[in-house]
Peer 1: 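Input: one structure, supplied below.
Order of the sequence lines fixes the chain letters, A, B, ..., with proteins taken first and strands second; residue numbering starts at 1 for each chain.
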Amino acid sequence: METTMKRLKVKNILSDGNAGQAITVCGWVRTRRESRGIAFIALNDGSAQDTLQLVIAETSPAFQKLTRCNTGAAIKATGILKESPAQGQKFEVEISEIEIFGDADPASYPLQKKGHTLEFLREIGHLRPRTNTFGAVFRVRNILAEAVHEFFQGRGFVWVHTPVITASDCEGAGDLFTVTTLDLEKPPRDNNGIDFSQDFFGKRAYLTVSGQLEAEFLAMSLGDVYTFGPTFRAENSNTTRHLSEFWMIEPEMAFADIRDDMELAENFFRTLCGKVLEKGESEIAFLEKFYKNTSISELKNLSEKSFVHITYTEAVKELEKATEKFEFPVKWGLDLQSEHERYLTDKVCKGPVIVTDYPKEIKAFYMRMNDDGKTVAAMDVLVPKIGEIIGGSQREERLEALTERMSQSGIPFENVEWYLDLRRFGSAPHAGFGLGFERLVQYITGMHNIRDVIPCPRAPQTIKF
RNA sequence: UCCCGGGUAGCUCAGCCGGCAGAGCGGGUGGCUGUUAACCACCAUGUCGGGGGUUCGAAUCCCUCCCCGGGAGCCA
């Protein structure tokens, strides 16, 4: 029997279904269980963490099609929604019709009804979103992405689209990917090497490592802005916390100082934790149960508790009096190592901490010089397990102070006159931060490897699809 | 890039002081009147990562290359 009924999503059936209603669902078979005279299918359509239980009696015409309803098969099922008499689910569907869209041969379909390691699933990136784990992660990722916009839009921030292809190579935020249409077999050369004046843009171009500098000129006109888009780093980093292509969120506020910046960062982080609990509780519950590296209570605590604030100088003092043996030296003027950050978050502060006022030598040139002449108005948010998740600062708005820092840091002045113009004309205090979106998703889902929180991870020697 | 650990059945792994290649899960077949990663019985799994060497004989010892994971650095 052909039906004109549109499919209902499992999420909606489970939340607003009524017993007795006729429904059609489409999805992928997770498991099939059979007894004499009756069979059960757990159907998942990606809309929810939970599966919908389909019940097929021997008397139903659909019973004949059961042999093709293997794990992974895509099907359409029609029947009557009922309250389930058994434990484990509120509803189930008494099925009258099944249509098979696509089979999944059990002998060769890689995902069978057993646990798979994350390492194995990484090798089948196109199929892993069909698992409970990756379904949960990618739905949480979506909840967070929506919450990012909701947070900023609710505060009157303007979403600005800074370029993916950039001519700025001065930020020193990392190694850049070059974008070129030159013939790689025989590129044009001049005395300095490859002649990029003959390239597509007439000069060397890169994939962006940060939208911050562009966001600054938009903040100095639109007021409060934020970017949320892809970012690229060509570093040869092989860790569980780095990607070559990742998404970054960079708010920038005019007429704001470092305190406003910290307040925004903390508010942002805590609001997002709350949003995930509100919209993704079953996803977090699943991840908590299987990986025990995140939890509903931990996220609740994060959303409610204030962050600890500590200056770099105080942090160094804490580390110096630690009884713990560190591999790297602790000394005022040296950057904090992973082990030091972990000690601060796990032992000293027991949660997220904002470290401020770093020595100018270890921070970027655009950060505002403090009155002591030694430190800059920088702030890093460190969280347990991940380390640095947010890096921000008040920007140097004074022309002379900025050019002096640029000279000291060896930043070339060509190409950045536009950046200096912002200090020449109507300059004002402003501040912002950058947050790696995948690190946020990683922290909130508790996934150990950052390659497991983005659908198509890019890393050195790693590119698929 | 550096330091560790690993690569044996579709998956997870044992076997590694040289001597017939194994288990669990998954898969197939049959059974079972409501299951929850169902259960019970039986059946089949193979380039032991690639190449070279030592040896009568190598999954096992040696060399080399490739790949994967963890940690570190760089950073978000």
Peer 1: If you go through the side-chain atoms of Glu339(A), does one of them form a donor-acceptor pair with the base of rG71(B) closer than 3.5 Å?
Peer 2: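 Check fails, no donor-acceptor contact within cut-off.
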Peer 1: By the 4.0 Å heavy-atom rule, please label Leu243(A) as base, sugar-phosphate, or nothing.
Peer 2: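 If one applies the 4.0 Å heavy-atom cut-off, Leu243(A) turns out to touch a base.
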Peer 1: Tell me what Ile386(A) touches on the nucleic acid: a base, only sugar-phosphate, or nothing, going by heavy atoms under 4.0 Å.
Peer 2: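 No contact.
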Peer 1: Could you give all pairs that pass the ring-ring contact (aromatic ring centres under 6.0 Å, His included) test and reach residues 114-133 of chain A, with sequence neighbours left out?
Peer 2: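 For residues 114-133 of chain A, and leaving out neighbouring residues, the ring-ring contact (aromatic ring centres under 6.0 Å, His included) pairs sorted by first residue read His116(A)-Phe120(A).
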Peer 1: Rounding to the closest angstrom, what is the interatomic distance between rC40(B) and rG5(B) at atom P?
Peer 2: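 My reading of the P atoms in rC40(B) and rG5(B) gives 40 Å.
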Peer 1: With sugar-phosphate meaning primed atoms plus P, OP1 and OP2, does Thr117(A) contact a base, only sugar-phosphate, or nothing at under 4.0 Å between heavy atoms?
Peer 2: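 Result for Thr117(A) = sugar-phosphate.
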Peer 1: Using purine N1 to pyrimidine N3 plus N6-O4 or O6-N4 for Watson-Crick, or N1-O2 and O6-N3 for G-U wobble, both under 3.5 Å, which nucleotide pairs with rG5(B)?
Peer 2: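 Answer to the pairing question: rC68(B), which forms a Watson-Crick or G-U pair with rG5(B).
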Peer 1: Using 30° and 60° as the class limits, which term best fits the ring planes of Tyr358(A) and Tyr312(A): parallel, tilted or perpendicular?
Peer 2: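 Because their plane-to-plane angle lies in the 30° to 60° range, the rings of Tyr358(A) and Tyr312(A) count as tilted.
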Peer 1: Do Ser237(A) and rC75(B) share a donor-acceptor pair, side chain to base, under 3.5 Å?
Peer 2: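 Flag unset: no donor-acceptor pair detected.
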Peer 1: Would you mind classifying the nucleic acid contact of Glu250(A) as base, sugar-phosphate or nothing, using non-hydrogen atoms under 4.0 angstrom?
Peer 2: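 Counting heavy atoms under 4.0 Å across all strands, no contact is made by Glu250(A).
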Peer 1: Does the gap between the ring centers of Phe228(A) and Phe437(A) come in under 6.0 Å?
Peer 2: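 Yes, close enough.
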Peer 1: Taking only N and O in the side chain of His242(A), is any of them less than 4.0 Å away from OP1 or OP2 of rU1(B)?
Peer 2: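 Answer is no, no contact under 4.0 Å.
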Peer 1: For rC74(B) versus rU12(B), give the span between their P atoms, rounded off to a whole number of Å.
Peer 2: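 rC74(B) and rU12(B) have their P atoms separated by 33 Å.
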Peer 1: Compute the centroid of each ring, for Phe268(A) and then for Phe152(A), and state whether the two points are separated by less than 6.0 Å.
Peer 2: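 Distance test on ring centres: under 6.0 Å, yes.
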Peer 1: Applying a 4.0 Å non-hydrogen cut-off, can you work out what Phe437(A) is touching in the nucleic acid: base, sugar-phosphate, or nothing?
Peer 2: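 Counting heavy atoms under 4.0 Å across all strands, no contact is made by Phe437(A).
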Peer 1: At under 4.0 Å between heavy atoms, which parts of nucleotides 2-10 of chain B does protein reach? Answer with one letter per nucleotide, 5' to 3': B base, S sugar-phosphate only, - none.
Peer 2: --------B
Peer 1: Would the base of rU33(B) count as contacting Arg36(A) through its side chain, where contact means a donor and an acceptor less than 3.5 Å apart?
Peer 2: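 Donor-acceptor pair under 3.5 Å: no.
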Peer 1: Taking 4.0 Å as the cut-off, does a side-chain nitrogen or oxygen of Thr240(A) come that near to OP1 or OP2 on rG71(B)?
Peer 2: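 Yes, such a contact exists.
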Peer 1: Quick one: are His448(A) and Leu118(A) in side-chain contact, heavy atoms under 4.5 Å?
Peer 2: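 No. Closest side-chain heavy atoms not under 4.5 Å.
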